[in-house]
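Everything on this sheet refers to the single structure shown next.
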Amino acid sequence: MFEQYPNIFCIPVPLGEGFAGHTNCYVLKTEAGVVLIDFGWNAEESFLTLTANLNKADVSLRDIRYLVATHTHLDHYGLINRLRLLTDASLVVHRLDYQLSAEQQALAGSTLEEPGKEGGLHREKEWLRACGMSGNGLTSLAEMLKSPIHVNGDVFPDLCVGGGEVISLGSINLEILWTPGHTKGHICLFDKERRILFSGDHVLEEATPNIGLEMDIDSNPLADYLSSLKHLEELDIHLVLPGHGKPFGSLNKRIEEICLHHTNRLKEIHGLCVKEAKSVFEIAEKTAWFAPWSELPLYSKRAALAEALAHTELLYSRGLLKKGIEDGVFLYSQTE
């Protein structure tokens, strides 16, 4: 546990089995109680790590007044069921992320392709086919749905936010900033008085957050993400406390680096479509990730596919790529 600022503690909660790293959960102590921002993975080790460090900060679960989720991915939201039972806290989630987690949980309940039913596995396979995958690769990635990314849609928030609201507790006032991209309903929290931004997975110190397009092909998450990054540049921020990794200060410099990364990725993907139309899978397979495609773990391939689609759709929306459909597969090529 680390005290990042007087009465603001960071608890690094380990990710689930098979995943490296931690999620940063933030404890904000006030004379009126505690705000907990993000909660960690739904695993016993994660729960024990969280509660042991709360004790070190002289905080009990009953002291928590607000549970605030920056987004509903498993590593940030997984412990919500246990915490709702053990606290009297109000749960704060963006309405779009709550809707997404509820829909995904309902779909994930069906892992078989039953006639007449479009369960989660069916929809996942259809999306993978539309991206150009087939055979064993499709089946392997589709099976990942048994461990959904979003969870606990049956936990109804006490406050479904849209952005612009302020959470006030004791001496703390946290403005909710809607920052879509990593998820549709991702939020950051801004303590204007102390010039602190709790950035979730919107801005990280070293890693570039995954911005992927999945089932909702009509959305444009990368455009949303780049736009919401620009809005953050207008704020007077001294310290960024991210959802993973170390705290940092130079927010605008980091935003510039992330925007440059996406500019280069857009150029790379545009160049891959120069000679002939390509599927999203063919594009992802040839794009430079942190490792060659054949060496990427399954969950990274799934994320890379969604990110490649987000970039191709942004290029398409800008008129730099054209899109066709052949045998149910989306194909992208350069405009003439």
Side-chain angles (χ1 to χ4, degrees), residues 8 23-26 28 30 35-39 65-73 75-77 80 89-104 149-153 155-204 209-214 216 218-244 251-252 254-255 258-259 262 310 314 317:
I8 297 180
T23 298
N24 294 332
C25 303
Y26 292 99
L28 286 66
T30 79
V35 178
L36 179 62
I37 300 175
D38 289 335
F39 330 124
R65 298 290 175 264
Y66 286 99
L67 295 163
V68 185
T70 59
H71 59 298
T72 59
H73 281 170
D75 54 333
H76 292 255
Y77 196 60
I80 187 56
S90 297
L91 173 61
V92 181
V93 182
H94 193 282
R95 57 180 178 80
L96 292 178
D97 255 34
Y98 169 70
Q99 291 168 5
L100 183 60
S101 65
E103 290 168 4
Q104 183 156 357
I149 297 172
H150 298 264
V151 293
N152 298 315
V155 179
F156 192 79
D158 298 282
L159 181 59
C160 268
V161 297
E165 299 88 348
V166 176
I167 297 172
S168 296
L169 185 67
S171 59
I172 287 180
N173 296 290
L174 298 172
E175 182 182 355
I176 293 172
L177 308 177
W178 179 36
T179 50
H182 186 62
T183 66
K184 284 186 177 182
H186 190 288
I187 60 172
C188 296
L189 296 113
F190 179 39
D191 184 334
K192 185 176 182 179
E193 182 178 346
R194 292 184 284 190
R195 298 162 60 204
I196 296 173
L197 181 74
F198 298 89
S199 68
D201 282 0
H202 191 62
V203 185
L204 305 174
N210 175 259
I211 311 299
L213 176 55
E214 303 195 15
D216 188 2
D218 293 327
S219 64
N220 199 337
L222 184 53
D224 294 338
Y225 178 68
L226 295 174
S227 176
S228 57
L229 279 180
K230 291 297 181 183
H231 289 314
L232 290 186
E233 288 182 322
E234 302 168 5
L235 302 178
D236 181 18
I237 293 171
H238 168 70
L239 177 65
V240 181
L241 299 178
H244 304 276
L251 176 63
N252 286 6
R254 183 64 188 131
I255 289 174
I258 292 172
C259 289
H262 286 291
L314 180 57
S317 72

Does [X] reach the main-chain N or O of [Y] with its side chain, forming a donor-acceptor pair under 3.5 Å?
X	Y	value
Asp38	Thr70	yes
Arg254	Leu204	yes
Trp178	Lys184	yes
Ser227	Asp224	no
Glu165	Gly163	yes
Thr72	Tyr98	no

Discussion item. As a test of understanding, state which of His182, His186, His202 forms a ring-ring contact (aromatic ring centres under 6.0 Å, His included) with Tyr225.
Written reply: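 Considering His182, His186, His202, a ring-ring contact (aromatic ring centres under 6.0 Å, His included) with Tyr225 is found only for His202.
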Minimum heavy-atom distance [X]-[Y], with the two atoms named:
X	Y	answer
Ala310	Leu222	O-CB, 4.1 Å
Ser199	Gly243	OG-N, 4.4 Å
Asp97	Gly185	OD1-N, 2.8 Å

Do [X] and [Y] have side-chain heavy atoms sitting under 4.5 Å apart?
X	Y	answer
Val166	Ile176	no
Val68	Leu189	yes
Val203	Pro209	no
Thr30	Val35	no
Lys192	Arg195	no
Phe198	Leu28	yes

Spacing of [X] atom [atom1] and [Y] atom [atom2] [to the nearest 0.5 Å]:
X	Y	atom1	atom2	answer
Cys25	Phe39	SG	CZ	8.0 Å
Leu91	Phe156	CG	CZ	10.0 Å
Glu233	Leu229	CD	CG	7.5 Å
Asn220	Ser317	CG	OG	4.5 Å
Thr179	His71	OG1	NE2	9.5 Å
Leu169	Leu174	CG	CG	9.0 Å

Worksheet item: For Leu239, what residues pass the side chain to side chain contact (heavy atoms under 4.5 Å, CB included) criterion, not counting sequence neighbours?
Response: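 By the side chain to side chain contact (heavy atoms under 4.5 Å, CB included) rule, Leu239 matches Ile196, Leu241, Pro247.
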Worksheet entry | Listed partners of Ser171 passing side chain to side chain contact (heavy atoms under 4.5 Å, CB included), at least two apart |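 If we apply the side chain to side chain contact (heavy atoms under 4.5 Å, CB included) test to Ser171, skipping adjacent residues, the hits are Glu31.
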Practice prompt. Go through the steps for His262 and Leu226 under the test side chain to side chain contact (heavy atoms under 4.5 Å, CB included), then give the verdict.
Written response: CA-CA 9 Å; His262 286 291; Leu226 295 174; 4.3 Å; yes
Worksheet item: Given the rule in the side chain to side chain contact (heavy atoms under 4.5 Å, CB included) test, do Asn173 and Ile167 qualify, once you have shown the distances and angles that lead to the verdict?
Response: CA-CA 6 Å; Asn173 296 290; Ile167 297 172; over 6 Å; no
Item to complete: Apply side chain to side chain contact (heavy atoms under 4.5 Å, CB included) to the pair Ile237 and Phe190, showing each step before the final yes or no.
Response: CA-CA 8 Å; Ile237 293 171; Phe190 179 39; 3.8 Å; yes
Worksheet entry | From CA spacing to verdict: side chain to side chain contact (heavy atoms under 4.5 Å, CB included), Val93, Leu67 | CA-CA 9 Å; Val93 182; Leu67 295 163; over 6 Å; no
Fill in: Residues in side chain to side chain donor-acceptor pair (under 3.5 Å) contact with His244, at least two apart in sequence or another chain
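Expected list: Asp75, His76, Asp201.
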